[in-house]
Amino acid sequence: MEVGQMQRRLLDYTKTLLMEGFLDGQFLQLQQLQDESNPGFVVEVVSLFFDDSEKLLNDLTSALDQPSVDFSRVDSHVHQLKGSSSSIDAQRIKNASLAFRNFCEEQNVEACQRCLQQIKQEYYLARNNLETLFRLEQQIVAAGGSIPMLEMGF
Amino acid sequence: MNVSEKTVRGDGTNNSATRNRVSVLVVDDDPTIRTIHKALLSSMGMEVEVASDGQQAVNLHQMGASYNLVFMDMDMPVMDGLQATRKLRAMGIKTMIVGVTSRNFGSDIQDFLQAGLNYCIVKPLTIEKVTPLIGEVIRNM
């Protein structure tokens, strides 16, 4: 596949992720922070987020499995997940976290466990989508091309 | 004590606050957010240091570091943003301190403001949110 085609494929894929609510303008701002002095910035940040989130999700699973659930601890983890997901623009994880916090306030264990399952699904979806995005970028760079940037308001 | 060594010289002054460059301290326990905010603020021409909780931020100031602007997360382990802000104000620190939170309850934000913040904004930082703050810092330099 020639570079131009790969670049168009990347742009189309990015647009799809934006339209399906996986990403928003904040991700495009992150891409704009990437430059020659910091070429791996987006991958670095997203990897940090996913590693941290995986730990949080494991902690949440363990916290909700306790015979007596410590909801303040659960809420604290979800709050952290909400904060960091908004910074890398993982909108669907952030929205699922908002619902989760409401059920924490109600101390509804079953609803919290359902929310956790939903967040895990969104997490794996987001991870797969962004890994695909980064693979497309790597293919373009390996073929000698540059990564095209989507303009905000496309 | 985890203190950034390059921040403090032996005479207690801050070697990050060079002339015409705004020096910023980003205080947040989330490594993703520290990385993003540092990159954003650096891209805007600022000298950026980071701390991973309120205690570290207080320690830096006690060691003699000074900044033109502090972005303070609200929820952090060891020492949260409210406690850290109160301590810094009690130490006589007049730097602009801007609270950064993902909470959206008015009462939480009010408590944070009353701890001594100049402003409070919702995460994440963006160029649009930061620019007017930098403008005010520069006008007061």
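Residue numbering restarts at 1 for every chain, and letters A, B, ... go by the order of the sequence lines. Computed from a predicted model, the values in this text were never measured in an experiment. In what follows, every heavy atom counts, from backbone to side chain, and hydrogens, waters and symmetry copies are set aside.
Summarising the geometry, atom CG belonging to B:Asp30 is positioned 9.0 Å from atom CZ belonging to A:Phe49; distances are rounded to the nearest 0.5 Å. The structure places OG1 of B:Thr32 at 9.5 Å from CD of A:Glu44, a figure rounded to the nearest 0.5 Å. Rounding to the nearest 0.5 angstrom, the gap separating the OG1 atom in B:Thr35 from the CG atom in A:Leu48 is 5.0 Å. How far CG of A:Leu33 is from NE2 of B:His37: 10.5 Å, rounded to the nearest 0.5 Å.
In terms of hydrophobic clustering, with Ile, Leu, Val, Met, Phe, Trp and Tyr side chains grouped at heavy-atom distances under 4.5 Å, B:Phe71 and B:Met44 are assigned to a common cluster. Each of B:Ile33 and A:Val46 belongs to its own hydrophobic cluster when Ile, Leu, Val, Met, Phe, Trp and Tyr are linked at side-chain heavy-atom distances under 4.5 angstrom. Hydrophobic clustering keeps A:Leu116 apart from A:Phe103 (ILVMFWY residues linked when any side-chain heavy atoms are closer than 4.5 Å, directly or through intermediates). Clustering ILVMFWY residues whenever any of their side-chain heavy atoms sit less than 4.5 angstrom apart, transitively, puts B:Leu60 in the very cluster that holds B:Ile97.
The 12-atom threshold is not exceeded at NZ of B:Lys87, counting heavy atoms of other residues, nucleotides or ligands nearer than 6.0 Å. Within a 6.0 Å radius of CD in A:Glu106, other residues, nucleotides and ligands contribute more than 12 heavy atoms.
Contacts between residues 109-131 of chain B and chain A, defined by a heavy-atom separation under 4.5 Å, are made by B:Lys123, B:Pro124, B:Leu125, B:Thr126, B:Ile127, B:Glu128.
Within the 4.5 angstrom heavy-atom criterion, no atom of A:Gln34 approaches chain B. Heavy atoms of B:Asp29 lying under 4.5 Å from chain A belong exclusively to its side chain.
Within the 4.5 Å cutoff, side-chain heavy atoms of A:Asp52 are placed close to those of B:Pro31.
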